[in-house]
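Quantities reported herein were computed from a predicted structural model and do not represent experimental measurements. Residues: numbered from 1 along the sequence shown.
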Amino acid sequence: MSGNNLEDKWVWVIVENLAGQETYYALTEETGKNLKFIPAFENQDEAEACGRLMAKRPEAEYQVQAIRLTHLAEAAARSRSDVYILDGRGRILERLTPAAG
């Protein structure tokens with residue numbers, strides 16, 4: 001994914017719907033720094049496979065959706081999160097740090 005035009009890149013994310021409020025599913029990397037990140041995937045199958053492995057709130061509904069990477073990066077910056085590209089097993093393939101703004 002590195003070096004490609006991010007404007008044209010689409011990724012898949014997990015959207016959490018809790019009481020009618022939709023947000024991107026986010027996790028915290030507990031490495032002492034407690035970094036918040038939004039997991040993203042290069043295809044729908046990987047998003048669905050990894051989504052089955054992730055802890056979820058029983059009262060929420062979850063859905064996999066496609067989004068332009070630039071739009072996800074903007075949302076991540078607003079929520080002070082990074083974006084991690086994961087594979088279907090949850091392994092980190094790439095860490096993207098959105099520009100603050």
Side-chain angles (χ1 to χ4, degrees):
M1 183 161 297
S2 294
N4 293 332
N5 183 357
L6 297 185
E7 192 68 34
D8 297 330
K9 194 59 112 171
W10 287 79
V11 294
W12 294 85
V13 294
I14 299 169
V15 175
E16 179 181 61
N17 185 330
L18 183 60
Q21 179 79 19
E22 286 190 346
T23 58
Y24 298 115
Y25 183 85
L27 296 167
T28 302
E29 182 181 6
E30 298 176 9
T31 58
K33 298 177 185 175
N34 290 331
L35 301 173
K36 184 176 171 187
F37 70 95
I38 299 171
F41 305 87
E42 293 181 344
N43 63 61
Q44 183 178 7
D45 291 337
E46 288 185 346
E48 290 174 351
C50 191
R52 288 189 288 274
L53 303 174
M54 294 179 173
K56 298 179 189 77
R57 300 181 203 195
E59 67 275 16
E61 295 179 10
Y62 297 86
Q63 182 180 27
V64 171
Q65 296 181 6
I67 184 173
R68 283 191 186 272
L69 185 54
T70 53
H71 295 168
L72 181 60
E74 290 167 2
R78 284 191 301 273
S79 68
R80 296 187 174 148
S81 300
D82 290 340
V83 175
Y84 288 6
I85 306 298
L86 306 182
D87 69 8
R89 294 182 181 165
R91 293 179 294 210
I92 299 170
L93 302 176
E94 188 171 357
R95 289 179 168 96
L96 307 174
T97 303

Tell me, do [X] and [Y] make a side-chain contact under 4.5 Å, heavy atoms counted?
X: Y24; Y: V83; answer: no
X: P39; Y: I14; answer: no
X: L96; Y: L69; answer: yes
X: I92; Y: L86; answer: yes

How long is the span from the [atom1] atom in [X] to the [atom2] atom in [Y], to the nearest 0.5 Å?
X: Y25; Y: Q63; atom1: OH; atom2: CD; value: 16.0 Å
X: T70; Y: W10; atom1: OG1; atom2: CH2; value: 8.5 Å
X: D87; Y: L93; atom1: CG; atom2: CG; value: 5.0 Å
X: D8; Y: R68; atom1: CG; atom2: CZ; value: 6.5 Å
X: K9; Y: H71; atom1: NZ; atom2: NE2; value: 15.5 Å
X: E94; Y: E42; atom1: CD; atom2: CD; value: 8.0 Å

Minimum heavy-atom separation for V64 and W12, please, with both atom names.
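Looking at all heavy atoms of both residues, the closest pair is CG1-CE3, 3.6 Å.
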Quick one: closest heavy-atom pair of S81 and I38, and the distance?
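Taking S81 first and I38 second, the nearest heavy atoms are CB-CG1, 4.3 Å.
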Near [X] [atom1], under 6.0 Å, is it more than 12 heavy atoms from other residues, nucleotides or ligands?
X: K36; atom1: NZ; result: no
X: E61; atom1: CD; result: no
X: Q21; atom1: CD; result: no

Polar side-chain atom of Y62 near backbone of R57 as donor-acceptor pair, under 3.5 Å:
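The answer is yes, because a donor-acceptor pair under 3.5 Å joins these two groups.
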Side chain to side chain contact (heavy atoms under 4.5 Å, CB included) partner of C50, the single match among E48, R52, E46, M54
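It is M54, the one option of E48, R52, E46, M54 that forms the side chain to side chain contact (heavy atoms under 4.5 Å, CB included) with C50.
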